[in-house]
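In what follows, every chain begins at residue 1, and chains take the letters A, B, ... in the order their sequences are listed. Heavy-atom basis, side chains included; hydrogens, waters and symmetry copies ignored. Computed from a predicted structure; not experimentally measured.
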Protein chains: 2
Amino acid sequence: MQLGKRKRDVLAATVDMYIRTGEPVGSKTVVKMLNHTVSSATIRNDMAELSAMGYLEQPHTSAGRIPTSAAFRLYIDHLMRKRSLSEKDCRNIDGLIKSAGDDPERLIGEASQALAQTTGCASVTTTPSGQAARIRKIEVIPISSRSAVLLLATDTGIIRTRACRFDRDVDSRAFEVLSKALNDTFRGSQLADIGLPQVQGMIGLLGEYGLACVPALTAFCHLVQETVEADVFLKGESNLLRHPDYDPVRVGRLLDFLTKREVLADLLSAIPKGLNVVIGGECQRPELEGTSIIVSNYNLGGRPDGYIGIVGPVRMDYAAAIPLTEYFAAAVGRALDEMMGIDRDNSDK
Amino acid sequence: MQLGKRKRDVLAATVDMYIRTGEPVGSKTVVKMLNHTVSSATIRNDMAELSAMGYLEQPHTSAGRIPTSAAFRLYIDHLMRKRSLSEKDCRNIDGLIKSAGDDPERLIGEASQALAQTTGCASVTTTPSGQAARIRKIEVIPISSRSAVLLLATDTGIIRTRACRFDRDVDSRAFEVLSKALNDTFRGSQLADIGLPQVQGMIGLLGEYGLACVPALTAFCHLVQETVEADVFLKGESNLLRHPDYDPVRVGRLLDFLTKREVLADLLSAIPKGLNVVIGGECQRPELEGTSIIVSNYNLGGRPDGYIGIVGPVRMDYAAAIPLTEYFAAAVGRALDEMMGIDRDNSDK
DNA sequence: TGTTAGCACTCGGCTTGCTGGAGTGCTAAA
DNA sequence: TTTAGCACTCCAGCAAGCCGAGTGCTAACA
């Protein structure tokens with residue numbers, strides 16, 4: 001660290017103040033924040049150097065200074081003092097997550113909502129990735145003589161269904177054969193390994209019913225496909241509008257960006273495991289200029305899986321938001337594991 | 001109609017122009033729009049009278065005039081010339097809706113998205129109401145010895161699932177008994193008629209398994225409850241931000257209002273059947289000040305069921321948006337009917 | 001009676017000019 | 001290395017003034 005103690009204090013104070021007010025911070029303000037231990041001239045010198053080093057910049061000659069992305073980076077990684085959560089906060093969060101019942105997707109949704117609300121930002125979460133999930137059960141449920149529902153259950157607790165329709169009446173025996181064949185072939189398989197070829201290869205196993213079952217097999221492919229792709233939840237968008245740093249145009253662009261699920265999924269998947277902060281200018285997307293993303297994996301069965309995080313202005317309260325995001329990620333992981341724990345132990349018995 | 005022909009033309013021209021520009025409209029502008037058939041002084045007289053009648057108002061003495069809610073009402077109900085959709089538009093919409101596959105909920109979602117995009121407003125839609133839906137099939141699918149999934153299929157094509165968990169191992173025979181009992185008791189029942197008492201009454205039917213099945217029965221209650229409540233989709237929120245009439249605060253309040261599903265459901269259910277336009281000031285909600293809602297039922301099996309509509313600034317292009325909404329409602333109804341048609345004819349055989 | 005031309009009047013929006021204050025950089029002294 | 005002092009910069013905010021769009025009224029006209 002080539003920065004002296006006082007310069008670091010100055011920088012930390014500047015960032016703190018800027019986060020609080022959003023206005024350029026002047027030397028006198030910093031003096032006050034450092035309890036008048038030095039004079040404003042000293043601070044001015046320090047700030048001039050910090051500017052030269054790329055940590056601060058001035059909107060114009062006679063204004064105070066605002067922190068650059070580099071300053072935020074340094075602040076987050078080394079200068080900031082995280083505010084730890086109170087017992088009560090933790091219990092609130094745990095309670096809220098517990099209340100989601102037995103459905104993982106709903107749990108993620110609720111957690112996303114709650115995180116958005118407590119941080120005052122928008123939140124982004126993904127459901128557990130289906131990539132590594134294994135099929136625990138497939139069920140074919142006849143609805144009428146010409147339609148059925150396929151149900152897929154994974155070992156990560158995800159349940160998905162898809163309807164399919166036939167152009168002629170189907171023998172109820174066909175559903176049984178299909179169900180057995182699907183389970184025999186795919187139970188225990190990773191979703192990612194199942195593709196069109198594997199499914200097409202099944203037609204032979206169905207004997208006389210092969211042709212009749214084609215619509216169901218197509219539906220099965222879609223179903224697997226859908227389950228592999230993690231769902232993305234975006235909540236609390238309107239929080240962004242309340243923030244003075246955002247003008248409508250910016251929020252509009254940002255929301256458009258965030259609602260493109262694939263792009264967002266891309267962005268998330270490029271992020272290393274653990275808790276990450278992406279600061280506006282750092283990533284090459286113009287839509288994210290001026291916004292930061294705090295995102296963390298949550299673990300599922302000991303492995304990093306989906307993401308939970310928040311999206312807000314660069315000038316957000318990292319000292320509170322980061323611990324919150326961490327706690328939410330941990331709590332979601334715990335809850336999901338618990339949700340699955342019982343099954344894990346007893347499955348396949 | 002106590003308004004003379006020319007006054008109506010003047011009012012229509014004023015509203016047209018105001019919708020286009022958002023600026024107060026002056027007498028000269030109207031003269032131009034009426035092809036100089038009369039002088040500006042005449043128009044001024046007319047506009048003064050229209051002001052007196054409550055159709056126009058001035059932001060200040062020396063400005064043009066802007067239409068009141070009453071003017072918009074009259075415009076929409078009698079003055080406006082709807083722009084009919086081109087063949088191509090219709091085909092585009094139909095194609096888009098067809099592409100949604102066999103799932104009613106997805107279809108509604110896609111339609112909502114498309115309507116938002118074509119109108120440049122936000123869109124609000126509800127899935128078919130479960131209120132009048134009847135149970136076609138209930139399935140209990142064991143996942144492990146301590147967990148199962150309940151699946152509910154209605155005659156309106158809706159499929160819902162819910163997981164449930166038991167604190168001890170459950171005999172697989174119990175699932176069969178439960179499944180049979182549920183189907184025997186509730187198949188053909190309207191969802192709205194199923195409540196806690198009915199479900200509790202079932203415990204007796206389950207004999208020795210009654211106690212073990214309690215978690216499943218609880219889950220069943222929740223499942224019915226969830227299915228009765230129509231889902232509300234809100235799409236294209238960011239479109240609102242692009243509109244110059246909306247400042248962030250307003251959009252924020254509006255979005256908060258729209259994301260409260262219950263409130264929104266209330267608002268919709270208070271609306272008469274068919275196509276409706278609710279103009280900002282008309283309804284008593286302060287959040288809706290300055291915004292209009294165009295909403296229509298779609299029919300399901302000949303009966304009015306869910307809603308599809310858009311939310312946008314009072315100053316929106318009604319002449320285009322109203323026919324679009326009508327067409328979408330009709331198309332969604334048709335597609336849903338078709339989706340269910342085959343089943344209808346063949347069910348219960 | 002309805003329409004029109006003419007005219008005086010109103011009033012918000014824009015431009016211009018000015019001032020105060022916050023903040024800076026530099027210099028010289030401690 | 002720190003500090004006090006000073007000249008300089010530049011924005012925010014205010015006041016004054018002009019411009020122009022639009023109005024209402026009146027008197028004449030068809």
OP1, OP2 of [N] versus side-chain N and O of [X]: anything below 4.0 Å?
X: B:R65; N: D:dG22; value: no
X: A:S62; N: C:dG21; value: no
X: B:T42; N: C:dT3; value: no
X: B:R44; N: C:dC7; value: no
X: A:R6; N: D:dT2; value: yes
X: B:T61; N: C:dT10; value: no

Item to complete: Any chance you could measure B:Q113, atom CD, to B:T125, atom OG1, to the nearest 0.5 Å?
Response: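 The OG1 atom of B:T125 is 10.0 Å from CD of B:Q113, to the nearest 0.5 Å.
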Worksheet item: Do A:Y318 and A:S292 have a side chain donor and acceptor closer than 3.5 Å?
Response: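 A:Y318 vs A:S292: donor-acceptor pair found between side chains.
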Shortest side-chain distance from [X], nucleotide among [options]:
X: A:M47; options: C:dT4, D:dT23, C:dT24; answer: C:dT24
X: B:T29; options: D:dG24, D:dG22, D:dC10; answer: D:dG22
X: A:H60; options: D:dT3, C:dT24, D:dC10; answer: D:dC10

Rounded to whole Å, please give me the gap between [atom1] in [X] and [atom2] in [N].
X: A:I66; N: D:dC11; atom1: CD1; atom2: P; answer: 14 Å
X: B:E57; N: D:dG22; atom1: CD; atom2: P; answer: 17 Å
X: B:E23; N: C:dG13; atom1: CD; atom2: C1'; answer: 12 Å
X: A:N45; N: C:dT27; atom1: CG; atom2: P; answer: 12 Å
X: B:I43; N: C:dG2; atom1: CD1; atom2: P; answer: 15 Å
X: B:K32; N: D:dG22; atom1: NZ; atom2: P; answer: 9 Å
X: B:L50; N: D:dT23; atom1: CG; atom2: P; answer: 12 Å
X: B:K5; N: C:dT3; atom1: NZ; atom2: P; answer: 13 Å

Fill in: Of B:S39 and B:P59, the one whose closest DNA chain C nucleotide lies more 5'
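On the 5' side of the pair lies B:S39.
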Discussion item. What I want to find out is whether A:D266 reaches A:R285 closely enough, with some N-O distance under 4.0 Å, to be called a salt bridge.
Written reply: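 Result for this pair is no, no salt bridge flagged.
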Worksheet entry | Nearest heavy-atom neighbours spanning A:T325 and A:I308 |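 Closest heavy-atom pair between A:T325 and A:I308: CG2-O, 3.8 Å.
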Practice prompt. Remember a base hit wins even if backbone is also touched, and classify A:A41 as base, sugar-phosphate or nothing at under 4.0 Å, heavy atoms.
Written response: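 Since a base atom lies under 4.0 Å of A:A41, the category is base.
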Practice prompt. Determine the contact category for A:S40: base if any of its heavy atoms lies under 4.0 Å from a base atom, sugar-phosphate if only primed atoms, P, OP1 or OP2 are that close, otherwise nothing.
Written response: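 Nothing: the residue A:S40, judged by heavy atoms under 4.0 Å, touches no strand.
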Discussion item. Using salt bridge (Lys or Arg N to Asp or Glu O under 4.0 Å), reason through A:R242 and B:D256 one step at a time and then give a plain yes or no.
Written reply: CA-CA 11 Å; A:R242 261 182 270 295; B:D256 284 343; 3.0 Å; yes
